[in-house]
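Everything on this sheet refers to the single structure shown next.
The figures that follow rest on heavy atoms only: side chains count, while hydrogens, waters and symmetry mates do not. Note that the structure is a prediction, hence the values are computed from the model and not measured.
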Amino acid sequence: MAGRVITITSGKGGVGKTTATANIGIALASQGKRVVVIDADIGLRNLDVIMGLENRIVYDLVDLVEGSCQLRQAMIKHKKFNSLFLIPAAQTRDKMAVSPDDMVALTDELRQDCDYILIDSPAGIERGFRNALEPADEVLIVTNPEVSAVRDADRIIGLIEAADKGPGKLLLNRLKIDMVNKGEMLSSDDVYDILGLEIVGIIPEDELVLSASNSGIPVSLNLDSKAGMAFNNVARRMLGEDLPFMKLDAKPGLLRRLAQFFGGN
């Protein structure tokens with residue numbers, strides 16, 4: 001069966017979208033799947049650093065699209081998993097160097113040999129977002145349980161549906177259970193009530209995520225980490241397993257009244 005293209009996006013930067021892409025890619029590879037992750041954020045690449053592959057880059061996405069290299073030359077094999085590859089973004093080129101049609105052609109070629117192609121989309125709604133969205137079979141929207149992030153996610157959901165790529169699914173990242181219980185942060189129930197999309201993962205706040213990203217060893221490789229376990233559970237749900245969410249001892253949602261700010265979606 002041809003590989004599945006999943007675009008991972010967000011309405012704003014800083015919500016952990018690139019970290020999520022790296023960790024889900026690692027988790028899928030650890031389940032024996034052949035995975036290619038593509039950094040589509042031209043000019044602002046970070047996926048290579050989080051995956052610990054920044055010193056292996058010779059060719060990038062723009063080189064590939066322009067025909068300066070072959071596909072295999074642009075695919076960087078992960079140090080731990082022979083079935084996981086990265087195609088990095090160009091660091092010094094303009095976003096217009098790649099078109100939506102280019103991304104469709106690339107992913108169509110990759111589908112023949114891969115189980116999953118994960119595209120790390122730039123945040124926002126500009127050309128890079130359209131590039132990442134065009135080949136998607138499924139869209140995963142990363143958001144934090146904060147009002148501003150959820151508001152921006154709501155806007156992205158509208159664009160995804162307008163492009164006939166919906167409904168997307170949600171990944172709720174950096175949930176702080178103590179703040180939820182104090183009524184200072186949206187709960188997963190609040191976010192669901194506001195956005196109305198299936199939540200495929202709830203990633204708790206975990207200080208190990210930052211240290212893991214800085215070391216180039218994604219936290220999904222550390223099963224002593226709650227966030228690492230949660231990312232692995234996301235991958236297992238993507239593979240069809242019916243897994244409950246980790247018990248985080250959250251009280252019922254306290255801020256559902258905020259749904260009115262989002263048009264009642």
Side-chain angles (χ1 to χ4, degrees), residues 1-13 15-18 20-22 24-25 28 33-48 59-72 74-76 85-91 93-143 152-171 195 197-198 200 234 238:
M1 184 175 69
R4 188 162 183 81
V5 178
I6 300 176
T7 293
I8 301 175
T9 191
S10 64
K12 61 181 292 186
V15 299
K17 169 184 54 60
T18 297
T21 304
I24 293 171
L28 287 169
K33 300 303 178 182
R34 187 171 175 84
V35 182
V36 176
V37 294
I38 303 174
D39 190 341
D41 198 354
I42 296 172
L44 293 171
R45 75 181 180 210
N46 287 302
L47 191 53
D48 56 307
Y59 297 106
D60 57 46
L61 177 61
V62 174
D63 292 324
L64 181 56
V65 166
E66 293 182 343
S68 300
C69 66
Q70 298 297 314
L71 178 58
R72 295 296 177 186
M75 293 170 60
I76 304 170
F85 299 84
L86 165 70
I87 298 178
Q91 184 72 8
R93 298 294 297 273
D94 185 86
K95 290 180 172 60
M96 300 301 289
V98 177
S99 71
D101 287 345
D102 291 328
M103 292 296 290
V104 170
L106 171 58
T107 54
D108 281 350
E109 186 172 357
L110 288 169
R111 287 177 192 272
Q112 308 310 311
D113 296 314
C114 300
D115 297 302
Y116 288 92
I117 301 108
L118 306 182
I119 303 177
D120 182 21
S121 166
I125 59 175
E126 297 181 353
R127 173 64 172 267
F129 169 75
R130 295 196 298 273
N131 287 346
L133 184 62
E134 185 64 24
D137 297 314
E138 182 178 321
V139 182
L140 183 60
I141 303 152
V142 181
T143 188
D152 288 337
D154 186 60
R155 186 181 184 194
I156 288 293
I157 289 167
L159 295 172
I160 291 168
E161 291 176 348
D164 291 326
K165 295 292 183 177
K169 296 181 180 179
L170 293 175
L171 178 68
L195 298 178
L197 294 184
E198 177 186 354
V200 297
V234 171
M238 290 169 63

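- Closest approach of L195 and A153 over heavy atoms only: CD1-CB, 4.1 Å.
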Report the C-alpha separation of F85 and R34 in whole Å, then their side-chain angles, then the decisive distance to 0.1 Å, and conclude whether the side-chain contact (heavy atoms from CB on, under 4.5 Å) test is met.
CA-CA 8 Å; F85 299 84; R34 187 171 175 84; 3.6 Å; yes
Test side-chain contact (heavy atoms from CB on, under 4.5 Å) applied to T9 and L133, step by step:
CA-CA 9 Å; T9 191; L133 184 62; over 6 Å; no
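- Here L71 contributes atom CG and I87 contributes atom CD1; the two are 5.5 Å apart, rounded to the nearest 0.5 Å.
- In this structure, CZ on R4 lies 12.5 Å from CG on D115, to the nearest 0.5 angstrom.
- Partners of D101 by side-chain hydrogen bond (donor to acceptor under 3.5 Å, both in side chains), not counting sequence neighbours: none found.
- Counting heavy atoms from C-beta outward, M75 and V36 have side chains that approach closer than 4.5 Å.
- A heavy-atom distance below 4.5 Å is not found between the side chains of K165 and T7.
- The closest side-chain heavy-atom distance from I76 to P88 is below 4.5 Å.
- In plain terms, the two heavy atoms of T107 and P135 that are nearest each other are OG1-CB, 3.2 Å.
- Residues I8 and V142 have side chains in contact (heavy-atom distance under 4.5 Å, counting atoms from C-beta outward).
- For R130 (side chain) and P100 (main-chain N/O), no donor-acceptor pair under 3.5 Å exists by modelled atom type.
- With contacts defined as side-chain heavy-atom distances shorter than 4.5 Å, the pair Q91/D60 does not qualify.
- Considering every non-hydrogen atom in both G25 and V37, the closest pair reads CA-CG1, 4.3 Å.
- Counting heavy atoms from C-beta on, the side chains of I160 and I141 come closer than 4.5 Å.
- For the atom pair CZ of F129 and CD1 of I156, the computed distance is 4.0 Å after rounding to the nearest 0.5 Å.
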Give the C-alpha distance, both sets of side-chain angles, the deciding distance and a yes or no for side-chain contact (heavy atoms from CB on, under 4.5 Å) between I157 and L197.
CA-CA 9 Å; I157 289 167; L197 294 184; 3.5 Å; yes
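- Between the side chain of D102 and the main chain of S99, a donor-acceptor pair closer than 3.5 Å is present.
- Shown here are the side-chain hydrogen bond (donor to acceptor under 3.5 Å, both in side chains) partners of E66, two or more places apart in sequence or in another chain: R93.
- The main-chain N or O of P122 is never found under 3.5 Å from a side-chain atom of K17 such that the two would form a donor-acceptor pair.
- Side chain of R111 to main chain of G3: a donor-acceptor pair is present (N/O by atom type, distance under 3.5 Å, no hydrogens or angles).
- Side chain of K33 to backbone of Y116: no donor-acceptor contact under 3.5 angstrom is found.
- Using modelled atom types, one side-chain atom of Q112 and one backbone atom of D108 make a donor-acceptor pair closer than 3.5 Å.
- L86 places a side-chain heavy atom less than 4.5 Å from the side chain of D48.
- Ionic pairing of D152 and R155 is not present here: no N-O contact between side-chain nitrogen and carboxylate oxygen is shorter than 4.0 angstrom.
- At a threshold of 4.5 Å between non-hydrogen side-chain atoms, the residues L140 and T21 do not count as touching.
- Using a distance-only test at 3.5 Å, with no hydrogens or angles considered, a donor-acceptor pair links the side chain of N46 to the main chain of L44.
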Can you list the steps and then say if L61 with R45 is a side-chain contact (heavy atoms from CB on, under 4.5 Å)?
CA-CA 11 Å; L61 177 61; R45 75 181 180 210; over 6 Å; no
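- Only one option out of I38, D41, T18, L118 pairs with L47 in a side chain to side chain contact (heavy atoms under 4.5 Å, CB included); it is T18.
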